[in-house]
Amino acid sequence: MRPDQEIIQRWIEPDSRVLDLGCGDGSLLANLKQTKGVKGTGLEIDGNKIQSCVERGINVIEQNLDAGLWNFQSDSFDTVLLAQTLQALSHPDQLIDEMLRVGRRGIVTFPNFGNWKSRLYLSSKGRMPVSKFMPHAWYDTPNIHFCTVRDFDALCEEKNIQILERTVVDLKHEGSLSMRLLPNLLGEIAIYHIARS
Amino acid sequence: MAIEPTQLKETPKSAIRSSIDAPDSVGIVTPHSYHFDEPLQLRSGKTLPSYDLMVETYGELNAARSNAILICHALSGDHHAAGYHSASDSKPGWWDSAIGPGKAIDTTKFFVVALNNLGGCAGSTGPTSINPETGKPYGPDFPVVTVRDWVKSQLRLMDRLGIQKWAAVIGGSLGGMQVQRWAISYPDRVANAVCIASAPKLSAQNIAFNEVARYSITSDPNFHAGRYLEHNTYPKHGLMLARMVGHITYLSDSAMRAKFGNAGSLLENTTRGNLGRDLRSGTLSFGLNVDFEVESYLHYQGERFSSNFDANSYLLMTKALDYFDPSVDYGNDLSKAFAEGDCKFLLVSFSTDWRFPPERSRELVETLLKAGREVTYLEVEADQGHDAFLMPIPRYSNAMRGFLDNAYKELVTDAS
């Protein structure tokens, strides 16, 4: 299992209800179902990934996250996951609100644009960073709302959202002491465990 | 005005993969009639003293009797869902694309049960059956039957077949309403519910189309207040008109453009600039004759339907559609209706279906989520309108196959 998934798994309570926004092929939910006995549902828009979920026996609903979570009752889940999808949303701030309406807690992971590599790329080349990790040109990227660790901290403060835990990892999803000390500079992927205050 | 069936732009014969000999066909099948003597108390308050159900089955019931799937038919369907009744049949059952060895509803794994609902006209007790009280056909005296009544009769069939729990109940459109009713009324008798292109209840527009259909039948001079059989006739024109209107609502604008335009495949981008205005004979008649292919097609469909379907049955089926609303017993909160039971749901809708559009399926998804139920939902891009639920569209077929494969794995695991 990927280390970020391991971190997420630690934060999930056994037998809890989990909603995974942008659940992909359902592998994370399948894992949580097996190891934690969670009752999970995923939202996804990619047809092939939906089919993978169906084949794994994972409940999946074809739904665009930009339409919000209107069809979900408040407090109907214990944890709502948003892994590597925040930056592709039209209104990430609104979806965070929705996540914490539908679930007691949220887990958000996103690529940290404040990482030194992005900063160096932008400052030295003067162009939007393109890398193996973020391979899209600025005009055709699905990632329309990049943010940094510090940006997300600020959003949480503004919204009075409680950060239960925050960690950063590199692209191999491994953490280190230096990354913990300078998360916004060294962290490549940020992982937040959040709750309503 | 007799119209000959013209050369229709239906799928070419060579493209229909299924035939009696095909390895994925259930082949020749024989329906069986089951008689029930225990009176059936109907929703209307009336009672059906006894009745017959015409049934077809495909595949083998396993020793644990746990691999049975019930297929619920829609407005004009019947028990003949797959295979052929004889080698000379030109067409297989109405859902042959989905049912057979290796198909989405795999008869090498499942024992599939399909029946003709009460009030129908394909062998189960209905308006053309003899009323034991009068010795004449029931005709208009056949009681109005509801989805709830059908499911009650299906439960009795289930008991007769010695099945404790359906591995799945599957249906599209009006069939999907029966699926919902199963999950509501008999939650512990269903393991999986597959509800395709359906709705929690009809909208005014849906009811309006049904009323046009009913009015065209009842205003036909040959209707004779429903006693047309006693007059040795039937409301052919009324039925034709009902079916023609119905047929338009089952297709999408784009499906019709592709079907009646020279552009070929439905799946290609054919609708742009193609309005589906192909002429039947190449020239305009400058009269009231059939000029366009679409007119000819509708006449043919209406004609074929009117000679195969009983008018009173059609009236009853449309009423069952209109009356369906399980929320009425639960303070108009449908989620309360789904509070009991643990069956899993698969719902599918189709992008161009305007009879039961995706919004209506999404309403059901919302309701089921509110009830805390396990739901999978697909919104499939398809050009064919409401009719898409009868077609082997890959995304749809694969999802149903994947969902049922898991249902099968579970029943195999439960047994071991």
Side-chain angles (χ1 to χ4, degrees), chain A residues 15-30 32-34 37-81 98-99 101-104, chain B residues 104 168 191-195 200 333-336 338-339 342-351 358-382 393-413:
Chain A
D15 304 316
S16 60
R17 296 158 301 168
V18 176
L19 179 64
D20 188 354
L21 308 179
C23 65
D25 64 6
S27 53
L28 177 59
L29 278 177
L32 292 171
K33 192 173 163 185
Q34 207 188 359
V38 305
K39 207 176 163 191
T41 294
L43 301 192
E44 183 53 60
I45 45 169
D46 181 292
N48 290 327
K49 289 174 181 169
I50 289 170
Q51 179 62 22
S52 300
C53 290
V54 171
E55 285 170 12
R56 283 174 203 270
I58 295 299
N59 305 316
V60 59
I61 292 166
E62 182 160 345
Q63 185 167 331
N64 191 332
L65 297 179
D66 281 333
L69 304 177
W70 58 273
N71 48 349
F72 289 88
Q73 298 285 302
S74 298
D75 291 311
S76 53
F77 286 87
D78 296 299
T79 303
V80 182
L81 293 171
E98 279 284 87
M99 283 176 75
R101 174 184 67 80
V102 169
R104 286 190 303 124
Chain B
N192 292 278
V194 181
C195 179
D333 182 352
L334 187 59
S335 71
K336 289 189 182 132
F338 288 110
D342 60 359
C343 74
K344 289 185 181 173
F345 288 87
L346 171 65
L347 277 73
V348 182
S349 70
F350 301 96
S351 56
E359 296 93 284
R360 306 308 314 278
S361 283
R362 273 187 240 130
E363 265 173 59
L364 264 174
V365 171
E366 184 189 3
T367 303
L368 291 166
L369 287 170
K370 192 176 171 195
R373 304 301 295 268
E374 295 199 55
V375 196
T376 285
Y377 171 58
L378 270 77
E379 215 164 287
V380 174
E381 281 288 330
I393 295 160
R395 259 201 83 196
Y396 161 44
S397 303
N398 290 339
M400 192 146 69
R401 178 184 289 108
F403 186 80
L404 293 176
D405 275 352
N406 277 299
Y408 186 71
K409 274 182 218 152
E410 261 165 44
L411 68 90
V412 170
T413 316

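No experiment lies behind these values; they were computed from the predicted model shown. The chains referred to below are lettered A, B, ... by the order of the sequence lines, with proteins before strands, and numbering in each begins at 1.
Most heavy-atom pairs under 4.5 Å with chain B, from the set A/Asn48, A/Ile45, A/Thr41, A/Val60: that is A/Val60. For the set B/Leu346, B/Thr367, B/Asp405, B/Asn398, the entry with the most heavy-atom pairs within less than 4.5 Å of chain A is B/Asn398. When A/Gly57, A/Ser76, A/Cys53 are compared by the number of non-hydrogen pairs under 4.5 Å with chain B, A/Gly57 comes out ahead. Chosen from A/Gln63, A/Gln51, A/Glu44, the residue pairing most often with chain B at heavy-atom distances under 4.5 Å is A/Gln51.
One N or O on the side chain of A/Glu62 and one on the backbone of B/Glu379 form a donor-acceptor pair closer than 3.5 Å. A/Asn71 contributes no side-chain N or O that, together with a main-chain N or O of B/Glu363, makes up a donor-acceptor pair within less than 3.5 Å.
Interface residue A/Ile61: backbone and side-chain heavy atoms are both found under 4.5 Å from chain B. Of the two parts of A/Arg56, only the backbone, made up of N, CA, C and O, holds a non-hydrogen atom closer than 4.5 Å to a non-hydrogen atom of chain B. Heavy atoms of B/Leu369 lying under 4.5 Å from chain A belong exclusively to its side chain.
The distance from the CZ atom of B/Phe403 to the CG atom of A/Asn59 is 8.0 Å, given to the nearest 0.5 Å. Distance check: A/Glu55 CD to B/Asn406 CG gives 8.5 Å after rounding to the nearest 0.5 Å. To the nearest 0.5 angstrom, B/Glu366 atom CD is 7.0 Å from A/Gln73 atom CD.
A 6.0 Å sphere centred on CG of B/Asp342 holds no more than 12 heavy atoms belonging to other residues, nucleotides or ligands. Heavy atoms from other residues, nucleotides or ligands lying under 6.0 Å from CD of A/Gln34 number 12 at most.
In terms of heavy atoms, A/Ile58 sits closest to B/Thr376 at O-OG1, 3.8 Å.
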